[in-house]
Amino acid sequence: MIARYTRPELGRIWSDGNKYQCWLTVEVAASQALAQFGLVPQSAADAIRDKGAFTVDRINEIEAEVRHDVIAFTTTVAEHINSPEDSRWLHYGLTSTDVVDTAQSLQIKEASAIIRAGIVALSETLKKRALEFKHTPIIGRTHGIHAEPSTFGLKLLLWYSEMQRNLTRFDAAAEDLRVGKLSGAVGTFGHLKPEHEEAICNQLGLKPVAIATQVVQRDRHAAYISTLAVLASTLDKIATEIRHLQRTEVREAEEFFSEKQKGSSAMPHKRNPITSEQISGLARVIRSNAQTAFENVALWHERDISHSSAERVVFPDSTILADYLLAKTENLIAKLLVYPTRMLKNLESTGGLIFSGQLLLDLAESGMSREDAYRLVQGHAMNSWKNDLIFRDEIAKVPDITARLSPEKLARAFDYNRQLANVDAIFTRVLGE
């Protein structure tokens, strides 16, 4: 991922230096575990642990000749051990993918801890602001058209609830990839035994996969990246809503705009939702990466490397972008400018048309058939809309309505607090408080 969208810690995790360090961590764990079983001399295992090292430049230099990154790595490490007697036990009983797949799990484990923290931070900010605007009236829209009253707190609470589901999904996907595999070239433990793999994985804080070929099966990886894609889609959903709320004609909420910030090179008045648009745009990249992860599931026989090159792109890019977008969205929500007065003004802008459903129910309750009530209310609603009339006032002039509903009942039909009476109950459902 380009530096513009890479935060330092995720960038470090996917650097070549950290990748090779994870490879070395696997090699050291393997030699130490095998030494405990008497397969590798303890002195050699200790030499690998104490002297094993590398430089990325040297690995690249050797790889340019041998065209094999793991061989380039083990050759470099052996040079640092500087003892043929000890270095011959490096990589003992392993195949390249034993190291690469297991080490990748270590990188994903590191990345997942940071992404998880980002999910939690955004969730807490959403919860805080949902409580802040719990009873702030806003018009609910369906198809982009005014529907019935809601609250801005409910909008934020909805996003919080979705983020909690994202956290559950992410924890499951991350745990599913907290695995190691050291069962050899076709997964049969031709040179080591299952108990050796268990001991090595235990040292690394990983679980051994129950069965593998030469690789950890890529359904796990597809589930992980698709989970990131769902997460990114939630962030896109939040950003898209804010973009709509910031439109000039709506202006119910807007991104924070600093004193020195500029919105347009040509129009000094512009305050554009650039962060929300960036979130929506980059979410598309993660979703597209999920398709690549799906394609990586089907490999030839016990292994090919068609997945390998693609994963060098989609795993760093997807995790780096997830981290970046979570931080961006958390900051967006934390600093979001909210305009309750404008929300109420927009809610009331149709002269009471949004209460047509409540009026329909009240008339039906009074004894009028639902069909007649619908026809009557819709007719006056359409007339008010076309002629820019105040629907509330027009209804008060209709004998068929006033004969059934007293002035007090009519006023109650147009009271948005009546329709928002269950907001507290919804918050309790979600927050359990």
Side-chain angles (χ1 to χ4, degrees), residues 1-2 4-7 9-11 13-14 19 97 100-101 103-120 122-123 159 161-179 181 209 212-213 215-241 243 276-300 303-330:
M1 179 48 58
I2 62 174
R4 184 182 184 92
Y5 307 127
T6 304
R7 300 210 305 163
E9 190 55 25
L10 261 293
I13 289 170
W14 293 109
K19 176 183 74 172
T97 308
V100 172
D101 269 11
Q104 181 177 256
S105 291
L106 295 178
Q107 289 178 279
I108 293 170
K109 183 181 175 183
E110 282 189 87
S112 295
I114 295 171
I115 292 170
R116 189 184 197 281
I119 295 173
V120 170
L122 173 57
S123 296
W159 299 339
S161 181
E162 189 162 331
M163 285 303 299
Q164 292 303 105
R165 295 194 297 278
N166 280 322
L167 180 59
T168 299
R169 282 187 286 260
F170 181 75
D171 281 346
E175 179 63 17
D176 203 33
L177 261 181
R178 191 177 62 83
V179 294
K181 175 268 168 193
V209 295
T213 56
V215 299
V216 174
Q217 299 306 285
R218 259 46 195 180
D219 61 291
R220 298 174 185 265
H221 303 70
Y224 184 90
I225 293 187
S226 64
T227 298
L228 293 183
V230 174
L231 169 64
S233 295
T234 296
L235 305 184
D236 183 10
K237 171 183 183 174
I238 293 170
T240 298
E241 180 70 12
R243 289 164 63 190
S276 296
E277 291 171 346
Q278 184 188 69
I279 291 167
S280 291
L282 293 176
R284 299 167 188 167
V285 177
I286 300 181
R287 286 195 293 264
S288 68
N289 286 347
Q291 181 61 42
T292 299
F294 294 144
E295 298 292 339
N296 283 346
V297 173
L299 304 177
W300 284 19
R303 189 245 175 142
D304 64 58
I305 63 167
S306 60
H307 68 288
S308 177
S309 55
E311 283 183 2
R312 292 173 191 258
V313 176
V314 299
F315 260 96
D317 283 9
S318 298
T319 52
I320 286 170
L321 283 178
D323 171 59
Y324 179 82
L325 292 179
L326 282 165
K328 279 288 186 179
T329 308
E330 194 279 328

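Bear in mind that the values here come from a model prediction, so they are computed numbers and not experimental data.
Closest non-hydrogen pair, Arg303 versus Ile305, comes out as NH2-CG2, 3.0 Å. Considering every non-hydrogen atom in both Ala283 and Ala232, the closest pair reads CB-O, 3.5 Å. The nearest pair of heavy atoms linking Ser276 to Ala239 is O-CB, 3.3 Å. Taking every heavy atom of both residues into account, Ala111 and Leu10 meet most closely at CB-CD1, 3.7 Å. In plain terms, the two heavy atoms of Gln107 and Trp14 that are nearest each other are NE2-CE3, 3.5 Å. Across Leu325 and Ile279, no two heavy atoms sit closer than the pair CD2-CA, 3.8 Å.
Glu9 is linked by a salt bridge (Lys or Arg N to Asp or Glu O under 4.0 Å) to Arg12, counting only residues two or more places apart in sequence or in another chain. When the side-chain hydrogen bond (donor to acceptor under 3.5 Å, both in side chains) test is applied to Thr6, no partner is found at least two apart in sequence or on another chain. Annotation: side chain to side chain contact (heavy atoms under 4.5 Å, CB included) contacts of Ser105 (sequence neighbours excluded): Val179, Leu206. Take Asp171 and apply the side-chain hydrogen bond (donor to acceptor under 3.5 Å, both in side chains) test, not counting sequence neighbours, and it matches Arg116. Looking at residues two or more places apart in sequence or on another chain, you find a salt bridge (Lys or Arg N to Asp or Glu O under 4.0 Å) between Arg178 and Glu175. Among residues two or more places apart in sequence or in another chain, the side chain to side chain contact (heavy atoms under 4.5 Å, CB included) test is passed with Ala172 by none. Residues that satisfy the salt bridge (Lys or Arg N to Asp or Glu O under 4.0 Å) test with Arg218, not counting sequence neighbours, are Asp101, Glu311. Evaluation of the side chain to side chain contact (heavy atoms under 4.5 Å, CB included) rule for Ser123 yields Ile119, Tyr160, Met163, Gln164 as partners, not counting sequence neighbours. Qualifying salt bridge (Lys or Arg N to Asp or Glu O under 4.0 Å) partners for Arg220, counting only residues two or more places apart in sequence or in other chains: Asp176. Scanning for side chain to side chain contact (heavy atoms under 4.5 Å, CB included) contacts around Ser306 gives Leu299, Asp304, with sequence neighbours left out.
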(request) Output, in order, the C-alpha distance, side-chain angles, deciding distance and verdict of side-chain contact (heavy atoms from CB on, under 4.5 Å) for Gln217 and Thr213. (result) CA-CA 8 Å; Gln217 299 306 285; Thr213 56; 3.1 Å; yes
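A distance of 14.5 Å separates NE2 in His307 from CD in Glu295, rounded to the nearest 0.5 Å. Separating the CD atom in Gln291 from the CG atom in Asn296 is a distance of 10.0 Å, to the nearest 0.5 Å. A distance of 11.5 Å separates CD1 of Ile114 from CG of Leu326, quoted to the nearest 0.5 Å. If you take CD on Glu162 and NZ on Lys237, they are separated by 3.5 Å, rounding to the nearest 0.5 Å. We find the CG-OG distance between Asn166 and Ser161 to be 10.0 Å, quoted to the nearest 0.5 Å. Interatomic distance, Ile115 CD1 to Leu167 CG, rounded to the nearest 0.5 Å: 12.0 Å.
For residues 279-294, the set of pairs meeting the salt bridge (Lys or Arg N to Asp or Glu O under 4.0 Å) definition, not counting sequence neighbours, comprises Asp236-Arg287. Here salt bridge (Lys or Arg N to Asp or Glu O under 4.0 Å) pairs that include residues 314-330, with residues two or more places apart or in two chains, are Arg7-Asp323.
Contact check for Lys19 versus Arg312: side-chain heavy atoms found under the 4.5 Å cut-off. A 4.5 Å side-chain heavy-atom check between Leu235 and Leu122 finds at least one atom pair inside the cut-off. Within the 4.5 Å cutoff, the side chain of Thr319 has no heavy atoms near those of the Ile108 side chain. Trp159 places none of its side-chain heavy atoms less than 4.5 Å from the side chain of Thr234. Between Val314 and His221 the shortest side-chain heavy-atom distance does not fall below 4.5 Å. Contact annotation: the side chain of Leu231 never approaches that of Thr227 to less than 4.5 Å [non-hydrogen atoms, C-beta and beyond].
With hydrogens and angles ignored, the 3.5 Å screen pairs no side-chain donor or acceptor of Ser318 with any backbone N or O of Phe315.
Taking the six-membered ring where the residue is Trp, Tyr224 and Phe170 present tilted rings, their angle falling between 30° and 60°.
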